[in-house]
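Below is one structure, written out as structure tokens; comments come after it.
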Amino acid sequence: RLRLYETALEQLSGLETVEAEFLRGTSQHHLGHYAEALKTWERLAPRLPAQGQAYLAGLASELLSTRLNDPKAALDYAQKGLQIVEDYRLHYAAAVALEQLDQARQAGQMLRRGLRVAEGTVISLQMRRLLARLYRKQGKEGLAQIELAQLQRDDLSRPSGVGLFGGIR
């Protein structure tokens, strides 16, 4: 699979269309060239409509918090995206960055706002799990247990016996 991304980069060489730039950044990301992917997406963002800019802000935020270990920049990107569109994925990205910055209370607030629009989505399960962890960090075990109970109720895989988040306590 990595060879396909390498081939894509070769074929995209010299092309500067919006599509080529997006694919270049995606290929760089999958090949582990994270700083280059971020630069490509930064170059691309001004050429996109607002929704596309918000999407790239989310990608950049995730990349910065999980791969480039820069939660402050990750938070900045998530907040820029949230200025464009109220999206639960951007709330989640901001919450992850805030947790990394040891701002558990603000991260919890961000998650609660995001959960209002994320109910019924798969990411809402991950959001609830993070919220429970944040409550525990703040010494709020009762609230953590409420979130874990809601997580168990929301876990759509439970009837199949799998339970994606059944082992969380």
Side-chain angles (χ1 to χ4, degrees), residues 1-103 107 110-111 113-115 117-134 151 154-157 160 162-168:
R1 189 172 131 191
L2 291 179
R3 181 69 195 132
L4 294 175
Y5 291 115
E6 291 167 353
T7 302
L9 284 177
E10 292 167 9
Q11 293 176 349
L12 293 168
S13 180
L15 297 176
E16 300 298 326
T17 65
V18 167
E19 295 82 3
E21 286 289 286
F22 180 76
L23 291 172
R24 183 176 293 109
T26 302
S27 295
Q28 291 165 330
H29 179 266
H30 286 287
L31 288 169
H33 306 291
Y34 304 123
E36 291 89 348
L38 183 61
K39 286 178 187 173
T40 299
W41 290 333
E42 287 172 339
R43 200 171 51 243
L44 173 61
R47 298 171 59 191
L48 296 176
Q51 288 290 114
Q53 290 177 23
Y55 179 77
L56 284 183
L59 289 178
S61 180
E62 182 272 333
L63 184 64
L64 284 157
S65 66
T66 63
R67 304 293 185 189
L68 295 175
N69 196 28
D70 189 349
K72 182 165 180 0
L75 178 60
D76 290 343
Y77 271 98
Q79 289 173 331
K80 285 177 190 174
L82 284 167
Q83 289 174 356
I84 297 169
V85 63
E86 191 74 12
D87 186 281
Y88 59 89
R89 293 164 292 215
L90 290 165
H91 283 283
Y92 180 73
V96 168
L98 285 163
E99 181 190 28
Q100 292 172 336
L101 293 167
D102 292 324
Q103 297 179 25
M110 189 64 69
L111 282 172
R113 287 199 334 240
L115 275 167
V117 291
E119 290 300 330
T121 65
V122 173
I123 197 173
S124 70
L125 301 173
Q126 189 69 17
M127 292 171 84
R128 286 205 182 280
R129 187 170 77 94
L130 176 55
L131 188 55
R133 185 171 71 228
L134 292 168
L151 176 64
D154 291 349
D155 188 349
L156 302 176
S157 67
S160 69
V162 177
L164 292 175
F165 297 105
I168 299 170

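This chain uses plain numbering: 1 for the first residue, then up along the sequence.
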From L44 CG over to L23 CG, what is the distance, rounded to the nearest 0.5 angstrom? 10.0 Å
Rounded to the nearest 0.5 Å, the CG atom of D76 sits from the NZ atom of K80 at a distance of 6.0 Å
Can you see which heavy atom on S124 is nearest to which on A118, and at what distance? CB-O, 3.4 Å
Any chance you could measure L31, atom CG, to E6, atom CD, to the nearest 0.5 Å? 5.5 Å
List the atom of A93, the atom of S61, and the distance in Å for their closest heavy-atom pair. CB-OG, 3.4 Å
Over 60° means perpendicular and under 30° means parallel, so classify the ring planes of Y55 and F22, tilted if in between. tilted
Restricting to non-hydrogen atoms, name the atom on G25 and the atom on A37 that form the minimum distance, rounded to 0.1 Å. O-CB, 3.4 Å
Side chain to side chain contact (heavy atoms under 4.5 Å, CB included) between H91 and L115: does it pass, once the steps are laid out? CA-CA 9 Å; H91 283 283; L115 275 167; over 6 Å; no
Kindly determine whether E62 and R89 satisfy side chain to side chain contact (heavy atoms under 4.5 Å, CB included), including the steps that lead there. CA-CA 10 Å; E62 182 272 333; R89 293 164 292 215; over 6 Å; no
Is a side-chain N or O of Q28 found less than 3.5 angstrom from the main chain of H33, in a donor-acceptor match? no
Test: R133 and E99 ion pair at under 4.0 Å: yes
In this structure, CG of L68 is separated from OG1 of T66 (nearest 0.5 Å) by 7.5 Å
Value for CG (L75) from CG (L101), rounded to nearest 0.5 Å, stands at 6.5 Å
Compare every heavy atom of G114 with every heavy atom of Y88, then report the nearest pair and how far apart it is. CB-O, 3.4 Å
Show your reasoning for whether side chain to side chain contact (heavy atoms under 4.5 Å, CB included) applies to R3 and T7. CA-CA 6 Å; R3 181 69 195 132; T7 302; 3.7 Å; yes
Nearest heavy-atom approach of A60 to L38 is CB-CD1, 3.6 Å
When you measure from the side chain of R24 to the backbone N and O of L15, does any donor-acceptor pair fall under 3.5 Å? yes
Calculate, to the nearest 0.5 Å, the distance between atoms CZ and CD belonging to R43 and E16 respectively. 6.5 Å
Atom of I84, atom of Q51 and distance for their closest heavy-atom approach: CG2-N, 4.5 Å
Determine, stepwise, if the pair L90 / Y77 fulfils side chain to side chain contact (heavy atoms under 4.5 Å, CB included). CA-CA 9 Å; L90 290 165; Y77 271 98; over 6 Å; no
With a 4.0 Å cut-off on N to O distance, would you call E19 and R47 a salt bridge? no
